[in-house]
Each structure stands twice: as structure tokens, then as C-alpha cells.
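First comes the structure, then the notes that go with it.
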Amino acid sequence: MTSGIRLVLTDTNGNTRTIEDAAVGSSLMEVARENDVEGILADCGGASSCATCHVYVGEAWLETVGAPDEIEEAMLDMVEDVRRPTSRLSCQIRLSAALDGLEATVAPPF
Ligand code: FES
């Protein structure tokens with residue numbers, strides 16, 4: 001009945017879990033919060049202005065997820081100590097069918 005997609009998320013404790021029914025159109029941050037994924041604080045509520053929703057996207061997914069926009073890029077620069085080439089703000093990743101199976105790891109606090 002559900003048209004949800006599958007996400008494989010690793011939290012800041014190193015625990016990996018699969019979420020089977022994430023809603024298309026939600027942000028990755030919203031789904032992580034709904035599922036109490038440890039380490040996603042999302043202090044700004046998804047406005048791309050806190051970086052407490054920082055994740056590392058699985059290498060294989062990087063191209064499909066796409067690059068950060070200018071505002072997100074500026075936020076990621078502020079967490080450069082823990083930034084990686086695969087860094088994204090999960091509030092800026094809008095879930096679509098193309099992201100079914102997406103893997104991401106929550107970045108450590110900065
Ligand atoms: S929730 Fe604040 S930047 Fe993503």
C-alpha cells in the first residue's frame with residue numbers, strides 16, 4: 001500500500017538500521033527525526049542554517065543525491081573539521097524514488 005522507499009542509516013553510535021517506508025517528498029532529516037536516528041538534531045528545523053543534520057552520503061549515492069547548493073555549501077564550510085567529500089545536510093536531501101536504498105551515515109558532532 002505504501003509507496004515508501006528504503007533508507008539505510010548509520011547513527012553516531014555506529015548502529016545501522018533500515019527504514020523501509022520513508023515517504024517520497026520528505027527530507028532525509030525529517031525521516032531520520034521521525035525514526036529517532038541518534039545524532040540528527042536538526043536544530044534549525046530544516047532551514048539549512050545549523051548543520052546539526054549533517055550526514056555522509058554513501059559513495060555510490062553521491063551522484064544521484066547531487067551537490068549542495070550555495071547556502072548549504074556555506075554551512076558545510078562551517079563544519080570543515082568533520083566535513084568530507086560526501087558531506088550533505090540531510091534536511092536538503094528530498095527523498096525521491098531514485099533514492100530508494102540510499103545509504104547515509106550521521107556525521108559526528110562538530
Ligand atoms: S536541520 Fe538545520 S541545517 Fe539541516
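Atoms within a ligand are numbered from 1 in the order they appear, just like the ligands themselves.
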(request) For ligand 1, indicate whether the residue S90 contacts it via side chain, backbone, both or neither (heavy-atom separation under 4.0 Å). (result) neither

(request) Find all atoms of ligand 1 within a distance of less than 4.0 Å from any non-hydrogen atom belonging to S48, and give their numbers and elements. (result) 3 (S)

(message) If we ignore hydrogens and angles and just use 3.5 Å, is the side chain of R94 paired with the main-chain N or O of G25 as donor and acceptor?
(response) yes

(request) Identify, by atom number and element, the atoms of ligand 1 in contact range of C44, meaning under 4.0 Å from any of its heavy atoms. (result) 1 (S), 2 (Fe), 3 (S)

(message) Could you work out, for atom 1 (S) of ligand 1, the closest of A47, G46, A32 by heavy-atom distance?
(response) G46

(message) So that I can check it, does any N, O or S atom in C91 come closer than 2.8 Å to atom 4 (Fe) of ligand 1?
(response) yes

(request) Test side chain to side chain contact (heavy atoms under 4.5 Å, CB included) on T16 and E103 and set out the steps. (result) CA-CA 10 Å; T16 299; E103 296 173 7; over 6 Å; no

(message) Using only atom types and a distance under 3.5 Å, with no angle test, would you say the side chain of N15 pairs donor to acceptor with the backbone of D11?
(response) no

(request) Flag yes if more than 12 heavy atoms outside L62 fall under 6.0 Å of its CG atom; otherwise flag no. (result) yes

(message) P108 and side chain to side chain contact (heavy atoms under 4.5 Å, CB included): which single residue from D81, V82, V79 fits?
(response) V82

(message) With respect to atom 2 (Fe) of ligand 1, please indicate if C53 possesses an N, O or S atom at a distance under 2.8 Å.
(response) no

(message) Taking N, O or S atoms only and a limit of 2.8 Å, check whether C50 reaches atom 2 (Fe) of ligand 1.
(response) yes

(message) Closer than 3.5 angstrom, by distance alone: can the side chain of R88 be matched with the main-chain N or O of A104 as a donor-acceptor pair?
(response) no

(request) List every atom of ligand 1 that sits less than 4.0 Å from any heavy atom of S49, numbering the atoms from 1 in the order shown and giving each element. (result) 3 (S)

